[in-house]
Every structure is written in C-alpha cells, then in structure tokens.
Amino acid sequence: MQNGPTTIPGGRPNRPAAYAARSKRWTSNTARPDSANSQNAQRSYERYLALARAEVQIGNTIAAENYYQHAEHYFRSMRPDPDGS
C-alpha cells in the first residue's frame, strides 16, 4: 500500500475535486454583459466585414473568407442569449 497522494499512470498526482468544479462553472450559456462590449463587438464586426469586402475586390478569396469568419464571430457575440434573458 502506498501512503501519500495517488498518481495516475503518467506520474502526475490526482487533482482535488475543486479543479473539476472550477472548470465546469464556465459554459457557453453564461450571460454576456450588454455594456460597452456590444459596442466593441459591433465595431469589430464592421471592421472585419469591410476588410473582407476589400479582399474580395482585389480577388483574394482566402483572406476574404478569413475576415468573414472573424466578422461572424463578432456577429454571434452581439446576439442576445437564445433563451431571451
């Protein structure tokens, strides 16, 4: 028998339950603040949309797609929560 912290086969000691509880606190369903963050998201959305359109005009479709994906991220962050709260 072993006295002391238990280890997993990789040689690292088991972590206390507090680590597991902390990692489960943050979910994608957490409420987003509606203060200046939504204004920053709006500004970033418009910026990346303009960059994407500029890349389309010069024919660089790969860079345009990258900028469109960035714009979509900020667009999603501006949306209200799906449950309406």
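We're numbering straight along the sequence, starting at 1.
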Please list every donor-acceptor pair under 3.5 Å in which a side-chain atom of residues 58-66 meets a protein atom from a residue at least two apart or in another chain.
from	atom 1	to	atom 2	distance (Å)
Asn60	OD1	Ala63	N	3.3
Asn60	ND2	Glu55	OE1	3.3
Glu65	OE2	Gln69	NE2	3.4
Asn66	OD1	His70	ND1	3.3

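For the atom pair Ser77 OG and Glu72 CD, the distance stands at 11.0 Å (nearest 0.5 Å). Taken from CE in Met78 to NE2 in His73, the straight-line distance is 10.5 Å, to the nearest 0.5 Å.
Checked against side-chain contact (heavy atoms from CB on, under 4.5 Å), Arg53 has the following partners two or more places apart in sequence or in another chain: Leu49, Tyr68.
Ala41 approaches Tyr74 most closely through the heavy-atom pair O-CB, 3.6 Å.
The aromatic rings of Phe75 and Tyr45 sit tilted, their planes meeting at an angle between 30° and 60°.
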